[in-house]
Protein chains: 2
Amino acid sequence: MNPSLYLRDPEQSELGKNIIKHSIQLIHDNGFEAFTFKKLAESIGTTEAGVYRYFENKHKLLVYIISWYWGWIQFQLSYQTNNIEDPSIKLKKVITLLSTNVEDDITTGHVDEFQLHQILIAEGSKAYLTNHVGKDNKQQFFQPYKDLCNTIGEIILECNPKYKYPHSLASTIIEMAHLQNFFMNHLPTLTDFSKSKDEKEIIKYLEELVFNTIRI
Amino acid sequence: MNPSLYLRDPEQSELGKNIIKHSIQLIHDNGFEAFTFKKLAESIGTTEAGVYRYFENKHKLLVYIISWYWGWIQFQLSYQTNNIEDPSIKLKKVITLLSTNVEDDITTGHVDEFQLHQILIAEGSKAYLTNHVGKDNKQQFFQPYKDLCNTIGEIILECNPKYKYPHSLASTIIEMAHLQNFFMNHLPTLTDFSKSKDEKEIIKYLEELVFNTIRI
DNA sequence: TATTTAAGATAGTAATACTATTATTTAAAA
DNA sequence: TTTTAAATAATAGTATTACTATCTTAAATA
């Protein structure tokens with residue numbers, strides 16, 4: 001994790017882990033706009049000042065938990081594609097991993113991956129859609145996202161070494177896996193999955209999109 | 001325009017038009033988070049209370065100007081595709097229209113379309129990425145976006161009547177035309193256009209994506 | 001035992017997102 | 001023309017947010 005994101009490493013103390021745990025819960029339940037350090041402190045049973053000793057502001061905390069998620073996805077991806085040779089099967093794994101509501105990984109006690117996935121769908125783009133995106137980028141806040149994008153881009157190039165837009169296609173897969181899910185559940189007429197509301201439909205749509213464009 | 005978005009119709013008075021004009025300017029310059037009714041009032045030369053007589057809150061004002069933009073795009077689209085029969089040429093027009101930085105339309109005195117396009121790229125998704133998206137949707141706040149999505153979906157079906165995901169592909173085109181532009185300018189490693197920073201590259205990428213997926 | 005360090009408790013401030021009241025100007029209706 | 005209503009301007013006030021500062025206590029470390 002990028003140390004510029006925090007003032008004190010939340011992984012190193014009980015209070016820190018509680019900040020992460022309750023942040024995920026509260027952002028998931030009420031959305032990022034309604035999330036405040038005061039509510040977070042009350043939920044933990046500490047004070048506002050206590051939270052501020054770990055994170056400068058709520059935006060950095062959001063970027064922190066999102067970075068955590070991308071790191072976890074990166075790990076899941078390398079784990080799940082470990083022994084696979086066929087790049088198009090790998091790419092299918094990528095699409096499925098990004099589109100599927102993950103189950104909570106019990107090995108990470110203070111992080112609920114299911115809720116984190118939901119947060120990414122609804123709040124993920126708020127990490128970079130700010131007027132200080134340039135500054136944040138200079139401080140490497142989006143490195144885990146970029147790393148994942150590069151990993152996926154490489155798999156795309158394994159499928160077709162001549163494909164010209166591996167990074168753009170990778171970011172399209174990531175963003176659309178989330179956005180089509182959001183639309184399916186909240187603005188269904190913007191999708192074609194309104195009847196079933198089934199993630200598998202999103203996977204089918206994305207697979208068709210991706211494999212038709214890279215096989216020229 | 002949906003009357004639930006405003007308390008008093010801003011098109012009907014000078015103050016109203018000034019609210020729209022200066023909102024676009026301020027949101028464009030400083031981003032939506034930094035935008036407040038107080039700053040807006042100061043910029044116009046009126047009072048905070050004056051702005052509140054037109055709009056309940058800044059979120060509704062954002063949705064208003066975004067709706068205005070989608071209505072304008074819808075008009076531009078029907079105007080530009082008026083005499084075109086070939087649906088794939090129409091679809092190319094759609095991609096170009098959404099991806100290109102429009103010039104300011106001088107017939108709309110109080111609206112700067114160039115700035116509005118930039119606002120849509122950086123702030124567009126904030127209109128619906130809220131925890132009250134369901135309520136807003138029930139009040140038809142997103143109708144202009146849905147209408148545009150349907151129009152594009154119909155053009156897609158003209159190209160291939162058997163294509164199964166016309167709405168999802170339409171929303172993908174709209175969102176990616178904006179997001180790839182944002183990434184190109186602010187997080188270039190997430191795209192393949194970092195060297196040229198040219199919108200035409202985004203158009204080429206999207207055309208390849210779209211036409212390869214609908215021609216099965 | 002002395003000394004850092006983290007946490008808890010409390011207070012305070014500037015800005016934000018509103019609401020309310022009153023006075024003044026403008027414009028339409030009687 | 002006068003009356004009346006509507007829009008605007010001016011001012012004040014509140015709850016909440018997003019912080020900063022300080023002081024005390026508890027626990028870990030040297």
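In what follows, chains carry the letters A, B, and so on, assigned in the order in which the sequence lines appear, proteins first and then strands, with residues in each chain numbered from 1.
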Exercise. Can you tell me the distance, in whole Å, between the NZ atom of B/K60 and the P atom of C/dA17?
Key: 16 Å
Practice problem: Assign the ring pair A/F37 / A/F35 to parallel, tilted or perpendicular, where the plane angle (0 to 90°) is split at 30° and 60°. | Solution: perpendicular
Self-check item: Mate of C/dT4 where both pairing distances stay under 3.5 Å, Watson-Crick or G-U
Solution: D/dA27
Quiz item: Salt bridge check: are B/E42 and B/K39 linked by an N-O gap of less than 4.0 Å?
Solution: no
Quiz prompt | Spacing of B/Y52 atom OH relative to C/dT16 atom P, expressed in whole Å | solution = 11 Å
Exercise. Give the rounded distance in Å between these two atoms: CD1 of A/I44 and P of C/dA7.
Key: 11 Å
Kindly give the atom pairs (protein nitrogen or oxygen, nucleotide nitrogen or oxygen) under 3.5 Å for nucleotides 23-30 of chain D.
none

Exercise. Answer yes or no: is there an ion pair linking B/K204 with B/E201, defined by an N-O contact shorter than 4.0 Å?
Key: yes
Quiz item: Taking NZ from B/K58 and P from C/dA17, how many angstroms apart are they, rounded to a whole number?
Solution: 5 Å
Quiz prompt | A/K21 atom NZ, over 12 foreign heavy atoms within 6.0 Å | solution = no
Quiz item: Is B/K93 atom NZ crowded by more than 12 heavy atoms from other residues, nucleotides or ligands, each under 6.0 Å away?
Solution: no
Quiz item: For A/N2, which residues count as a side chain to side chain contact (heavy atoms under 4.5 Å, CB included) partner, sequence neighbours excluded?
Solution: A/S4, A/L5, A/Q140, A/F141
Exercise. For A/F37, answer base if it contacts any base atom (sugar-phosphate contacts may also be present), sugar-phosphate if it contacts only those atoms, and nothing otherwise; contact means non-hydrogen atoms under 4.0 Å.
Key: nothing
Find every protein N or O atom lying less than 3.5 Å from an N or O atom of nucleotides 7-12 of chain D, and list the pairs.
| from | atom 1 | to | atom 2 | distance (Å) |
| --- | --- | --- | --- | --- |
| D/dA7 | OP2 | B/R8 | NH1 | 3.1 |
| D/dT8 | OP1 | B/Y54 | OH | 3.0 |
| D/dT8 | OP2 | B/R8 | NE | 3.4 |
| D/dT8 | OP2 | B/Y54 | OH | 3.0 |
| D/dA9 | OP2 | B/T46 | OG1 | 2.9 |
| D/dA9 | N7 | B/R53 | NH2 | 3.1 |

Exercise. Provide, to the nearest angstrom, the distance between the CD atom belonging to B/E33 and the P atom belonging to C/dA15.
Key: 19 Å
Quiz item: Say you draw a straight line from CD1 of B/I24 to CG of B/L116; how long is it, rounded to the nearest 0.5 Å?
Solution: 4.0 Å
Self-check item: Distance in angstrom units between A/L40 CG and D/dC19 P, rounded
Solution: 13 Å
Practice problem: May I have the distance from B/K39 (atom NZ) to C/dA14 (atom P), rounded to whole angstrom? | Solution: 17 Å
Practice problem: Answer yes when A/K126 and A/E123 have at least one side-chain N-carboxylate O distance shorter than 4.0 Å, and no when they do not. | Solution: yes
Self-check item: Whole-Å gap separating P (C/dT10) and CD (A/E42)
Solution: 14 Å
Quiz prompt | Geometric class of the A/F193/B/Y165 ring pair [parallel <30°, tilted 30-60°, perpendicular >60°] | solution = tilted
Practice problem: May I ask you to evaluate whether B/K38 reaches the phosphate of C/dA17, defined as a side-chain N or O under 4.0 Å from OP1 or OP2? | Solution: no
